[in-house]
Number of protein chains: 2
Amino acid sequence: MTKKKPDEFQGYELDDHVCFAIYKANHAFNRFYKPVMKELGITYPQYITLLALFKKDHQRVSELGECLFLESNTLTPLLKRLEEMGYISRTRSQEDERQVIVSLSETGRGLSDGIIDIQQCAFSHLDTPAETIRQLVEQLNEVQAHMIKAKEKVSG
Amino acid sequence: MTKKKPDEFQGYELDDHVCFAIYKANHAFNRFYKPVMKELGITYPQYITLLALFKKDHQRVSELGECLFLESNTLTPLLKRLEEMGYISRTRSQEDERQVIVSLSETGRGLSDGIIDIQQCAFSHLDTPAETIRQLVEQLNEVQAHMIKAKEKVSG
DNA sequence: TCAAATTAAATCGTACACGATTAATTCAAA
DNA sequence: TTTGAATTAATCGTGTACGATTTAATTTGA
């Protein structure tokens with residue numbers, strides 16, 4: 001019986017801390033962006049989705065899903081809300097009626113100004129050298145890649 | 001008119017990438033842990049909650065909320081599910097009837113063995129030197145702290 | 001050519017997240 | 001001591017997430 005008792009349980013410190021540190025940081029970004037995005041009338045996931053459309057307009061639902069790591073079960077209702085608010089349009093492709101093309105409306109494009117201001121604000125508050133942030137992003141992407149591989153190995 | 005047009009929109013690269021990198025890494029951990037936790041009959045948030053209880057048993061709901069960054073509106077239903085499954089008990093405090101004390105059951109404590117194995121598996125798949133991970137965690141905690149401060153300044 | 005396999009999105013059920021409100025208890029000040 | 005403020009959970013409504021299934025359109029192969 002080499003297992004620790006619950007009262008002494010610390011978990012495997014490092015992984016425990018990485019996953020929890022990421023959980024906390026993600027929480028913090030959510031909580032920062034949520035109220036400021038509310039002033040634009042959108043949620044944080046809707047903001048992330050719009051960013052993807054700012055970068056590349058007229059994407060299919062599955063294309064958007066690939067870059068956001070979401071599927072139609074999550075995206076469809078989210079996109080319907082953005083459509084109801086008039087920020088995007090959803091139209092069936094002519095060539096392939098199965099595909100739905102998501103496009104920014106004029107109003108939707110107009111959100112980019114407010115979003116730029118908010119991003120600038122967030123970045124300035126990070127108060128961290130650009131190079132440090134660049135390295136952090138690189139490391140996070142590595143961790144992400146490793147965990148995706150881990151998932152494939154462990155549970156398909 | 002110095003603002004970029006949507007087609008050229010890149011956002012403020014660094015913040016954009018940090019928040020998105022964290023979003024993606026969090027996703028990856030979620031997707032790794034979800035199926036393996038399912039074999040134990042629990043969800044990822046329930047796993048995080050149990051970790052907090054392994055570290056300190058008999059916490060109040062608000063105490064748990066502080067370390068998990070969650071409030072009763074999220075925790076109450078989650079804890080009720082853990083109680084229904086027999087992993088914890090929820091009892092009103094004798095001294096202060098407003099407080100609910102959350103305690104691990106024998107079965108709940110028994111989960112720690114399986115959880116240790118899973119954490120070991122996750123950590124080994126990270127395939128990264130301990131010191132590197134330690135630094136990453138530190139940086140993430142700094143980013144988190146900065147964003148919490150940013151939120152306070154920007155939207156109370 | 002036309003039925004079977006494949007693909008894309010939508011739908012459904014369950015479980016978080018969270019702002020806002022409510023209910024019950026305790027504390028505190030007049 | 002008694003009313004009003006403060007505290008603690010719980011409740012409610014909306015919006016993600018996601019596994020599993022369904023529907024509709026396209027592709028493939030006999």
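One donor-acceptor pair, N or O on each side, does fall under 3.5 Å between the base of D/dA10 and the side chain of B/Ser72.
Atom NZ of B/Lys80 is separated from atom P of C/dT14 by 17 Å (rounded to the nearest Å). Atom P of nucleotide C/dT14 and atom CD of B/Glu84 are separated by 13 Å, given to the nearest angstrom. In this entry the distance linking CD of B/Gln94 with C1' of D/dT8 reads 16 Å, nearest Å. Separating the CZ atom of B/Arg60 from the C1' atom of C/dT25 is a distance of 14 Å, rounded to the nearest angstrom. Residue A/Leu79 contributes atom CG, which lies 16 Å from atom P of C/dA8 at whole-angstrom precision. When rounded to the nearest whole Å, the span between OH of A/Tyr33 and P of C/dA17 equals 20 Å. Atom-to-atom, CG of B/Leu70 to C1' of C/dA15 comes out at 13 Å; the value is rounded to the nearest Å. Regarding A/Glu83, its CD atom lies at a distance of 14 Å from the C1' atom of C/dA9, rounded to whole Å.
Mapping A/Asn30 and A/Glu97 onto DNA chain D by nearest heavy atom places A/Asn30 closer to the 5' end of the strand. Nearer to the 5' terminus of DNA chain D, by closest-nucleotide assignment, is the contact made by B/His27 (compared with the other of A/Asp96 and B/His27). Comparing A/Lys38 and A/Ile101 against DNA chain C, the residue whose closest nucleotide sits nearer the 5' end is A/Ile101. For the pair A/Asn73 and A/Gln99, both in contact range of DNA chain C, the more 5′-proximal nearest nucleotide belongs to A/Gln99.
B/Gln46 comes within 4.0 angstrom of the backbone, heavy atoms only, and of no base. Nucleic acid contact class of B/Arg31 (heavy atoms, under 4.0 Å, all strands): sugar-phosphate only. Using a 4.0 Å heavy-atom cutoff across all strands shown, A/Ser62 reaches sugar-phosphate atoms only and no base atom. Across all strands, B/Glu95 comes closer than 4.0 Å only to sugar-phosphate atoms, never to a base (heavy-atom distances).
Heavy-atom minimum distance, B/His27 versus A/Leu68: NE2-O, 4.2 Å.
Side-chain contact between B/Ile88 and B/Ser103: absent, with no pair of heavy atoms (C-beta onward) separated by less than 4.5 Å.
A side-chain N or O of A/Tyr47 and one of A/Gln119 form a donor-acceptor pair less than 3.5 Å apart.
Residue A/Arg90 has a polar side-chain atom (N or O) positioned under 4.0 Å from OP1 or OP2 of C/dA10. Of the side-chain N and O atoms in A/Thr76, one or more sit less than 4.0 angstrom from OP1 or OP2 of C/dA10. Put simply, A/Thr43 has a side-chain N or O that comes within less than 4.0 Å of OP1 or OP2 on D/dT16.
Without hydrogens or angle criteria, A/Ser112 side chain to A/Arg109 main chain gives a donor-acceptor distance under 3.5 Å. In this structure, the side chain of B/Thr74 does not engage the main chain of B/Leu70 through any donor-acceptor pair within 3.5 Å. Formation of a donor-acceptor pair under 3.5 Å by the B/Thr128 side chain with backbone atoms of B/Leu126 is found in this model. Here the side chain of A/Glu138 pairs no donor or acceptor atom with the backbone of A/Gln135 at under 3.5 angstrom.
The six-membered or imidazole ring of B/Tyr23 lies near that of B/Phe20, with a centre-to-centre distance under 6.0 Å.
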Every protein N/O within reach of nucleotides 2-7 of chain D N/O, cut-off under 3.5 Å:
residue: D/dT7; atom: O2; partner: B/Arg98; partner atom: NH1; Å: 3.0

